[in-house]
There are 2 protein chains.
Amino acid sequence: MVMVEDDIFRALADPTRRAIFEKLADGCMNASALREGMAISQPAMSQHLAVLRGAGLVRQTRQGRFVNYDVDPAGVALIAQWLAKYRAYWPARVDALKAVLKEMDQ
Amino acid sequence: MVMVEDDIFRALADPTRRAIFEKLADGCMNASALREGMAISQPAMSQHLAVLRGAGLVRQTRQGRFVNYDVDPAGVALIAQWLAKYRAYWPARVDALKAVLKEMDQ
DNA sequence: ACCATAGATAAGCAGATGCTTATGTGAACC
DNA sequence: GGTTCACATAAGCATCTGCTTATCTATGGT
């Protein structure tokens, strides 16, 4: 038994790590680019990325000397799946969700 | 600046606390009922519930000597809102979501 | 072959976290 | 008023986390 959600939520619990993950929401980026404007040391960034990767939230691809990171859809899907347990508690947002889906159809 | 998501994800990072929260997904329950089958001391439960409440994930209502806890829709909505940033990464689940919405319409 | 650059890993440490036991508070019942 | 039950809070402590500095690995350029 692996309890994937443990790693996911623990990874997202740290504000710095969540900021990194949210940066990646806009698209693929390498570790150095991620550090820009973040007041974080290189080892710290590397450690955070390792945690995010261990949680299945982020994937890495070597490209020369750089390592590109991007959001792992599998991890996001797991969160969405977990959140689905509580869909009964956000009926007020149904309309907003509908709009999102309509938008995605086009 | 309060950074609500900080408290939310920190609260959900603990497996025991997540188990409690998931129990409440099925409906309102008091602290003693929540402890059943959980191998957790009374103070520990109380502390966990305090953290969940502080994060806005759970509400409490006194009913005589008991305190009933239930999921706070506001907290769930915040997670859904946060997750919406990543909707581009789970297109495979659009159909499932549509089914959910159709079901909610009825 | 040498050096520079991007990133990972190791070790150590200050602060946070979750548990414990003990005690406090509040409501019901006699 | 006193006792019991449901829960909260306090204090202490072992463990975990995230940072730091130092060092290692890997790739590219010359």
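Letters A, B, ... are given to chains in the order of the sequence lines, protein chains preceding strands, and every chain is numbered from 1.
Note that CD1 of A:Ile8 and CG of B:Leu12 are 12.0 Å apart. Values are rounded to the nearest 0.5 Å.
For the pair A:Arg18 and B:Asp6, the salt-bridge criterion is met [side-chain N within less than 4.0 Å of a carboxylate O].
Nucleotides of DNA chain C nearest to B:Pro43 and A:Ala31 differ in position, and the one nearer the 5' end is that of A:Ala31. Comparing A:Ala44 and A:Arg10, the nucleotide of DNA chain D nearest to each residue sits closer to the 5' end for A:Arg10.
Along DNA chain C, read 5' to 3', the first and last nucleotides having any atom under 4.0 Å from a heavy atom of chain B are C:dT17 to C:dA28.
Judged as a ring pair (Phe, Tyr, Trp, His ring centres under 6.0 Å), not a single pair has a partner in residues 22-49 of chain A (not counting sequence neighbours). Counting only residues at least two apart or in different chains, ring pair (Phe, Tyr, Trp, His ring centres under 6.0 Å) contacts with residues 14-36 of chain A comprise A:Phe21-B:Tyr86.
Between A:Thr16 and the phosphate of D:dT17, there is no side-chain N or O to OP1/OP2 separation shorter than 4.0 Å.
Without hydrogens or angle criteria, B:Arg17 side chain to B:Arg10 main chain gives a donor-acceptor distance under 3.5 Å.
One interatomic measurement links the two molecules: CG of B:Leu34 to P of D:dA8, which rounds to 11 Å at whole-angstrom precision. For the pair A:Leu12 CG and D:dG18 P, the computed distance is 12 Å after rounding to whole Å.
When all heavy atoms are compared, the tightest approach of B:Ala80 to A:Leu83 is CA-CD2, 3.5 Å.
Residues that satisfy the ring pair (Phe, Tyr, Trp, His ring centres under 6.0 Å) test with A:Phe9, not counting sequence neighbours, are A:Trp82.
Applying a 4.0 Å cut-off to non-hydrogen atoms, the residues of residues 45-65 of chain B that approach DNA chain D are B:Ser46, B:Gln47, B:Gln60, B:Arg65, listed by residue number.
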Atom pairs and distances, side-chain donor-acceptor, residues 67-79 of chain B, under 3.5 Å, sequence neighbours left out:
from, atom 1, to, atom 2, distance (Å)
B:Asn68, ND2, B:Gln63, OE1, 2.5
B:Tyr69, OH, B:Gln60, OE1, 2.8
B:Asp70, OD2, B:Arg59, NH2, 2.7
B:Asp72, OD1, B:Ala74, N, 3.0

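When heavy atoms are screened at a 4.0 angstrom cut-off, A:Arg17 is found touching the sugar-phosphate backbone but no base atom.
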